[in-house]
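Note that ligands are numbered from 1 as they come in the structure, with each ligand's atoms numbered from 1 the same way.
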Amino acid sequence: MRRLRRSEAMRALVRETSVEPGDLIYPLFICPGEGVRRAIGSMPGVFNLSVDEAVREAEEAAQLGLGGLLLFGLPEAKDEQGTGAWDESGIVQQALRALKNSAASKKLVLIADVCLCEYTSHGHCGKVIETADGWTVDNDPSLALLARTAASLAKAGADVVAPSDMMDGRVAAIRLALDKDGLNDTPILSYASKFASAFYGPFREAADSAPQFGDRKTYQMDGANLREAMREIDLDLEEGADMILMKPAMPYLDVILAARERVDVPIGAYQVSGEYSMLQAAFEKGWLDRDRATLESLTSIRRAGADFIVTYFAKDAAKLLG
Ligand code: PBG
């Protein structure tokens, strides 16, 4: 076996998996204001960015040859319903309009995350109601709010809408709403298999979206379940999803592989905040080689079968690859 490992040229020739900058999607957290670039404590190198700063990031992302951006919003104010999510002048809607006006947008796919948790005062991803046993996230009334949000984001300029809420039936509801508004050409990237994961911890600081009570286990999936993930994927595709997103990535590589073997639609994987933060922590301690570990983590996700990767390392990786 060692004959084919003798030089870098030889290794490059027989390498089975590649990572290209164009495979990488860079998440941005948009906040109100101007000239704002607020560091996120648990995610070194990641910032809350005002719209003008986001446009600058987009220019850099385009220059580096990244595949696209995934946009999240931190609204000025939150309320019970999450009205900021579908507000015509909402924070992500503003960012989308500004980005669409920039030259960078021609080279990038602008993906808008569709969820309510950043916009609701309770921090849950749907409508919360009181029940005899306390509270619950009410599935069907949440669909109308998510569909409205998706249509509003597509109208503001999103090339792709990506629902991450995990309500049942949201893909069908969103497809219907998009088509009704003449947005037939907007694809849906559904977070088809999204597990209730501890690895989202740092994101909730970045997006200020931690649930104020309870957890997300009644709507996000149990991390122990692979077959259930396949059912989620089948349902989302039946409802009209054009692509699927698997999340988290590194602790769930087997789920990505199983999805790859099952379906032929494009598959993305989200290397989530906790995956990024734990690597960053090890880099800071000098326990891992930054450049090698960054690329190895992305290669493993591609090898498992992901066509593209949402990752906070997108810019760093593109620089290493360039
Ligand atoms: C919103 C959403 C979350 C993430 C993406 N979209 C948080 C959550 O579900 O609690 C997590 C992304 C990350 O950790 O990087 N529903």
- request: Heavy atoms only: give me the nearest A158-T186 pair and the separation to one decimal.
  value: O-CG2, 4.2 Å
- prompt: Should the pair R11-E8 be classified as a salt bridge under the 4.0 Å nitrogen-to-oxygen rule?
  reply: yes
query: Would K247 and E275 pass as an ion pair if we require N to O under 4.0 Å?
result: no
- prompt: Hey, would you say the F313 and Y26 ring centroids sit under 6.0 Å apart?
  reply: no
Listed partners of E57 passing side chain to side chain donor-acceptor pair (under 3.5 Å), at least two apart: R37, K315
- request: Assign the ring pair F213 / W135 to parallel, tilted or perpendicular, where the plane angle (0 to 90°) is split at 30° and 60°.
  value: perpendicular
task: Sort out the contact shell of ligand 1: every protein residue with a heavy-atom distance below 4.0 Å, listed by chain and number.
output: F72, D113, C115, C117, C125, S164, K194, F199, Y200, F203, R204, R216, Q220, K247, Y270, V272, S273, Y312
